[in-house]
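Right, one structure below, let's go through it.
Each chain gets a letter, A, B and so on, in the order its sequence line appears, and its residues count up from 1. Since the structure is predicted, the reported quantities are computational estimates derived from the model, not experimental observations. Only heavy atoms go into these numbers, but all of them, side chains included; no hydrogens, no water, no symmetry mates.
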Amino acid sequence: MKKTSRARRISAFAGLATGSLLIFALLGIAGCTWPRQPKSALARQRLLEGVRSSMVPVRFYFKRDIANEYSPQAEGDIQERWVRQMVEHKLSLDLGGIVLDQAGHVLITDPEIEPRLIDRIEVSGPGGRIYRARMLTLLKKMEGTILQVSDPAGLEPISFAPSKQLDKFLRDREKGAKPTKLPSLVLLSVYRSGKNWRVRMSSMASSFRHDSTQSGPEYLVGIGSGRTSGQLGGAETMGTTPSLVADREGNFVGVTIRGIVDLDQKHRIWKGQDVLASITGDLDMEEFYDFQKELQERYGQVYHEAKIYYRQPSDGEYGQPTGPERIVYGLAVDDSHLFVPLEMSRREAKQIESIRVRLNQDDQLSEKSADGLPVVTGSTGARGATCQGEFLGTYRDFAGFLVTVKDARFGKLLDLDSPGKISKIVPFHTIYARRRLGEKDLKLWYARCLREVKGYGDKVHLQPSSSVPNGSALVDLEGRLAGFYLRQRIPAEEQRVMELVGPQQSYRFGRSGSRLVRIFPLAEIAGALRKPDAALDPNIRAMSKAQAKRRMWLGLEYVPVNRELAKRVGLERLTKDGTVGLMVRSVYAGSPAEAIGVGLGDVLLQIKDKDRQYPTELRSSLASRDRGGYGYGRAGGTMVWQSRRNLLTEFLAAVGQGKKIELSFCSRRQGQGWQVFTKEVEVQQAPLDYDSAKKYRDRSIGLTVRDLTYEVRKALKMTEADPGVVVSKVEEGTPAAVAKIGQAELITRINSVEVSSVDDFKARITAARENKVDTVKIEIVRLGKTRVADLSLRE
Amino acid sequence: MSKKQTVVTVAVMLIPFWAGICQAQNAGPKVPVGTRAREYLDFEQIIDNAKQRVFPALVFVKPIQEEFGSGEKKRAQTFGSGVIISPDGLVVTNNHVAEKAVEINCVLFNKEQVKAKVVGLDKETDLALLQLKLPENAQPLPFGEFADSAKVTEGQFVMALGAPFGFSRSISLGIIMNANRYLGFESLYKYNTWIQTDAVINPGNSGGPLVNTEGKIVGINTLGIIRGGFGFSIPSNVVKEIVHRLGEDGKVVRAWTGLRLQALKDFSSNTFIEGDTGVLVAGVEDSSPAQAAGLQAGDIILTVAGVEYVGKYVEQLPSLYWQLADIPPDKQIQVSYRRQGQVQQTKLILALKGKLEGEDFDCRRWNMTVKEISKFVNPDLYFYRTKGLFIQAVRYPGNAAKAGIRRSDIILRVGDNLANMRQIDSLADMKKTYQQIVADETREKKILVEILREGLPQLIVLDYRKDYDEED
């Protein structure tokens, strides 16, 4: 035999077939019954022959679309990245196809690859002949695509034959008649192993449902979703191959992709005749892509670009949630609200400084504001004018937020009233808006939901098979919005994150409370989009700069407990061997902690948000990370007071102002041993602290001073009445530096008169300048030691 | 050695403060340069003569000192220099050479080693007076004479005699760079200005004499600058006075006012105050006599007990501090000062300046040394606690270090458990507690220590089961 590829293939098939026959024969001799295998060796032989001739390897060769490629750093396009790797590694994708008819129609599993990334498709026919093919039809009720082979002469199509037993069963079932015996079907699938393709034959079993309301099974399932594989960076690249369904008489009755036979034929087609009928009846590939272009146009009118500018948090804040700005795309849900289907965390929201929304050309601008002035400014070029936006809030139940536009009305709105529908198997369009080449760009693609998965709160949802970017809009085949693909938010998300990783971690994306991303059907969220007030998370708000710096407080300083200490002081049990617990070092006067009786040396154990089922333990390992404070010398070398930014204040902020919590702590003041107290306390905003204190920066002196706040006064043993401002920054080479003023030192007097506040300081300096005074005498205090210096006011 | 280096480092750190200081004083003798040059023709001869007069009086001082700075009490032989100033064997050296010495050996010019005892120490000027223990009917010793340091001027040739890095009997030659240098010290060493010379002064030169061409002592070499090529000496007039007092009383008694002075023309912070007389009060320490007298920062002191105070430039401050320190304590004196243009009077009763520096104690099993808090030496710690002890050092590796105890932590309480914590207010408390705990071999070798760190209390468990000394 000539060693052609075909010959190898045939020999492989034949070898496998012989092997299988041998096994069946052996089983037969042993008297073992194998209930649903073909009845006779002849039937088996016929089936194997049929598979061998009608199943053809299909090979996809890829190309990179350089003209249209996105940078790998930009918003991820997983498919593109995958193709890029395939090209770099000189890999093609092998799929198995089934020749359906003489006209050269070949069924393959939906490859879900954009045509622009496909270089060519090759089908290997008998005799090693290579046929070129193109994608013709996207099937609606099967996750398959029909290829059209050009010049198909020589291909051997599968021939489906009617099966009496099966047809009767299906007819009876349709009529709702008493269930009869399940038809015996076998599944034949091929899979690639090295250079060879092999056939696997298995019987089909029935599925069952626990909560079945209908009689009889819904599906028949077989092992044998054939897989093909290749090597890609150590990982296997796989495609799924359709399998053939046959009866025990040796007739091919249908074809299935994941080895599933839908007995009701509700979601999936599988019968040979149905598949053949779909070749031209389903979605023509070219029309499908044309329609996507139309959708791109249509939805482009409701998508708007919003540029969010952030304040850069000062040293006193944890991390940097974002860069200086972020560009997002939202959909106009009514004439003044933009729904952005993306994350916006509390920490990020509070740093929003401003939002500019770019209008599309159809949007109307209100020409005059209430006081009669024209209000819209900015470029009115081809990209449309911009107008001011405001952050309204993040939804409580899903990761999306609303932006309100001021002084403008959107022209085209999202249709919330006639929602589209997403059903199993049927493809739907996905729209993801992103910025590309400086412009708004809608990426359109499609996905299917093949299965249902259980999500938050035991609810079952349809799950897209391929990777749909978070925040995509989902549109049905008629072009109606059917829903969004969003992250499910769960109550007290930020608290949950903090319990695990502490307050330092930035969790703009990903590290959020839940990783559950699911389809939110429009019907479920339309109400919230129309009337957002009750659906928004009250703790995620935009804030003024001053407000954003404010903290919540219990009003104490602490050190985390450790194992040794817990053992020594007899707190092993209460602090779980020192893994939980913060030992109080200081309690501020007038604080909530003082009010509920927390004292020096007490150990805080846990905080329970009253809306949550379980308390949050104050884990010492999380607290031990928050060190930091302010003091003398460069970078606060000698610490004088602790930063009020710590695990507790951050956690309380995550709980939210005004909420009731139960604080558990243990104390040994009363009686001998430790006693646990649980007190209810409301989360309160702390008085101004060093980070949020009013400050005044005088550039010509090179000095920034702040008001004395409670924690600074306590650290320096000062009373409320003691005068002074605290130096927060001295710039080098300036009069302040020449006068040897240092960070964290106090300025208590100017020209022997007490300085009461930053306002007072500013007024006095300003007055002195106005009076043409060149220098003032200031009194500087450092840890109770005073000295006097001349401060030059000259430029 | 290490002590010396700390002093040296202090000087290095102070360099920026001198920059730009304008020298105002020092009107040297107005002798025409030409005439003088002709008088001293044989330079080598002159140097040799001068050397002959003081070199025999030079002493190589080898004290065995106790130090606690590494987290444990250590004895180490260090070295320094000294000069004999009387035929019966009085030797002047630095305080930092002689302090905490358990034994002092001196090598004389004739290569004889004799023991010496401390007559008196004055930490605040860094001077010490030793008495050589000579055999009976010993020959009178050669000794150096003091010059009048007020007459020292810049440019004069001087020699530094001493034992740099332990190389005994070394001479280096240089000139006076500045005869009246103010170094900006605020607690120690604030009572005198300094003679700055480029005659090389290295560790080991400490306590040695700086000698002029006449063979007289113009200063005692005290501070050097590492790799700076120059150093600082205590002027002989200050040395004479301190030596006198040490000889009389074995100590120098000073009064405490609690005043911190600042020059009227302070070039370092560019602060200038009108007027040529008086001195600015930079600050007044809490609960000090000056505070009791109602003085406050910004006042300008004009006279004290009828004596006019002139602190126009920083170089004048040391002598004012000296004058204040010399006022007899517990006697009411009149102070006149100017506040916001008004001249006012007040009565000041000075207190005796108490112990300057606290004592150390080595908690050896815990691998840490503790020291008493002193308002003069540790004002930052004194702010947080006016009594008690702080961690002077922890030994690495060691039990205290492992437990997380750090330098400058203030010790509040020590005990087995929360119920029996003992308050630590003094060195005696600590010694007693430490000895009791360590002596008890049956107990679990873990104690609870309450410290004050950054002003806030904190509990630390000190596990001393491991004996690091055993491991050595």
Ion pair present between B:Lys402 and A:Glu564, side-chain N to carboxylate O less than 4.0 angstrom? no
Interchain contact, A:Glu557 with chain B, by part (heavy-atom threshold 4.5 Å): side chain
For B:Val461 and A:Leu565 the tightest heavy-atom approach is CG2-CA, 3.4 Å
Heavy-atom pair count under 4.5 Å with chain B, highest-scoring of A:Thr748, A:Asn562, A:Leu716, A:Ile780: A:Leu716
When rounded to the nearest 0.5 angstrom, what distance separates CD in B:Gln296 from OG in A:Ser752? 7.0 Å
Between B:Glu285 and A:Lys785, is there a side-chain N and carboxylate O pair less than 4.0 Å apart? no
Under a 4.5 Å cut-off applied to non-hydrogen side-chain atoms, are B:Phe383 and A:Val640 in contact? no
Over 12 non-hydrogen atoms of neighbours within 6.0 angstrom of NZ in A:Lys576: no
Of the listed A:Lys714, A:Arg749, A:Lys717, A:Arg782, the one with the largest count of heavy-atom pairs under 4.5 Å with chain B is A:Lys717
Rounded distance (nearest 0.5 Å) linking atom CD of B:Gln458 with atom CZ of A:Arg585: 4.5 Å
To check you understand the geometry: which heavy-atom pair defines the closest contact between A:Thr786 and B:Gly283, and what is its length? OG1-CA, 3.0 Å
Considering only heavy atoms, which portion of B:Asp266 lies under 4.5 Å from any heavy atom of chain A: side chain, backbone, both, or neither? neither
Should B:Pro379 and A:Leu783 count as side-chain neighbours, where that means a heavy-atom distance under 4.5 Å? no
Are the side chains of B:Leu456 and A:Gln642 in touch, meaning some heavy atoms are under 4.5 Å apart? yes
Considering residues, nucleotides and ligands other than B:Arg339, do more than 12 of their heavy atoms fall under 6.0 Å from its CZ? yes
Top contributor to chain A interface from B:Ser408, B:Ala419, B:Ala297, B:Ala403 [non-hydrogen pairs under 4.5 Å]: B:Ala297
Restricting to pairs with a member in residues 700-710 of chain A, which pass salt bridge (Lys or Arg N to Asp or Glu O under 4.0 Å), not counting sequence neighbours? none
Has the side chain of A:Lys777 got a donor or acceptor atom that lies under 3.5 Å from a matching backbone atom of B:Gly298? no
Could you tell me if the side chain of B:Asn417 sits less than 4.5 Å from the side chain of A:Arg568, heavy atoms only? no
What's the spacing between B:Leu459 CG and A:Met583 CE if we round to 0.5 Å? 5.0 Å
For B:Thr271 and A:Asp790, indicate whether the former's side chain and the latter's backbone hold a donor-acceptor pair under 3.5 Å. yes
Surrounding CD of B:Glu274 (heavy atoms of other residues, nucleotides or ligands, distance under 6.0 Å), is the total greater than 12? no
